[in-house]
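I have placed the structure first, in the form of structure tokens, so that the comments after it can refer back to it.
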Amino acid sequence: MVTFQTAMSDATSPGTATCARCDTTLTEGDRVVAGDRAFCRSCYDTLSHEVRQAVARMSEDINYPMAALGAVLGGAAGALAWWGFTVLTEISFGLVAVVIGFLAGHGAVRFAGGKRGTGLQAIAVTVGALSFLVAAYLVNMTFINQTLQQRGEGWRIPFPPHSVEMFSRVLAVNFGMMKLVFLAIVVYEAWLIPRPPKLDLAA
Ligand SMILES: [Zn+2]
């Protein structure tokens, strides 16, 4: 239909002779071009209002407990995947950690019923970063405990850690630049996925 109209108006003048919504003949002062189509001012205002409302609804009535649950499930699944991969292969392949941010972001969006918004971004970023740190703790814990076992030591690093201090000391064993880079990627993924779409409408 639209293609047909465009083709028809192409025959007379280049594409923008009539409004793509109401077929009114457009004048120089009453024509808004959006992409490859032209609208009269009032149709354009109606359309952009509808689009703005649709985007606003996307960030309204968000079920935050469900979103948080989805983010936690996603983050936990990603953390387990990284931990399992690292322990099984004994390769510290940090790039696998990126799935933590991906799953935390998608978990928040899915469990909130496909909504997006800054609140969901905050949840996904927080959960993604924490999941990454917990996963890094689990990896270190496993390798330290293997060493303790080989030495015949009787004590083990526990999970969950007994204190924040224990948590940070186990993390600090090998927390270098690469870990920081992977953490940044996790945070970026978790921030990007629940982001509401950017509107680029003429005023
Ligand atoms: Zn119109």
Side-chain angles (χ1 to χ4, degrees), residues 1-10 14-79 81 97-135 180-203:
M1 190 62 190
V2 171
T3 326
F4 178 67
Q5 277 180 3
T6 310
M8 285 296 284
S9 48
D10 274 351
T16 57
T18 58
C19 172
R21 186 166 177 267
C22 70
D23 275 339
T24 299
T25 303
L26 298 175
T27 62
E28 267 315 310
D30 187 29
R31 171 185 297 155
V32 185
V33 179
D36 60 347
R37 296 205 258 164
F39 300 95
C40 70
R41 171 55 69 181
S42 76
C43 281
Y44 184 81
D45 288 346
T46 306
L47 285 173
S48 58
H49 180 71
E50 282 170 4
V51 171
R52 277 200 190 89
Q53 281 203 320
V55 169
R57 271 198 299 276
M58 203 177 257
S59 305
E60 274 171 7
D61 302 323
I62 293 176
N63 188 336
Y64 284 110
M66 279 304 282
L69 176 66
V72 167
L73 288 176
V98 172
V99 300
I100 294 171
F102 181 85
L103 290 176
H106 277 291
V109 170
R110 288 284 170 85
F111 275 62
K115 303 250 175 179
R116 284 157 210 275
T118 46
L120 291 180
Q121 289 181 286
I123 288 173
V125 164
T126 308
V127 171
L130 281 174
S131 303
F132 177 84
L133 295 177
V134 168
L180 218 53
V181 169
F182 292 130
L183 177 58
I185 296 172
V186 166
V187 165
Y188 176 72
E189 292 272 341
W191 172 82
L192 187 69
I193 291 162
R195 189 172 61 159
K198 274 255 163 67
L199 284 184
D200 192 18
L201 296 174

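Counting begins at 1 with the first residue of the sequence. Heavy atoms only: backbone and side chains are in, while hydrogens, waters and symmetry mates are out.
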Residue pair [X] / [Y]: nearest heavy atoms and the distance that separates them:
{"X": "Cys19", "Y": "Cys22", "result": "SG-N, 3.4 Å"}
{"X": "Ala67", "Y": "Ala112", "result": "CB-CB, 4.0 Å"}
{"X": "Ala79", "Y": "Ile100", "result": "N-CG1, 3.5 Å"}
{"X": "Val127", "Y": "Ala71", "result": "CG1-O, 3.3 Å"}
{"X": "Arg116", "Y": "Pro197", "result": "CD-CD, 4.4 Å"}
{"X": "Asp30", "Y": "Cys40", "result": "OD2-CB, 3.7 Å"}

Practice item. State the CD-CD distance between Gln53 and Glu60, to the nearest 0.5 angstrom. Key: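 Taking CD in Gln53 and CD in Glu60, the distance rounds to 8.5 Å.
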
Review point. What is the distance from atom CZ of Arg110 to atom CD1 of Ile193, rounded to the nearest 0.5 Å?
Key: 10.0 Å

[X] side-chain N/O to [Y] backbone N/O, donor-acceptor pair under 3.5 Å:
{"X": "Arg31", "Y": "Ala17", "answer": "no"}
{"X": "Lys115", "Y": "Pro194", "answer": "no"}
{"X": "Thr18", "Y": "Thr25", "answer": "no"}

Practice item. Apply side-chain contact (heavy atoms from CB on, under 4.5 Å) to the pair Glu50 and Leu47, showing each step before the final yes or no. Key: CA-CA 5 Å; Glu50 282 170 4; Leu47 285 173; 4.0 Å; yes

Heavy-atom side-chain contact between [X] and [Y] under 4.5 Å:
{"X": "Arg41", "Y": "Asp45", "answer": "yes"}
{"X": "Leu120", "Y": "Tyr64", "answer": "yes"}
{"X": "Pro196", "Y": "Gln121", "answer": "yes"}

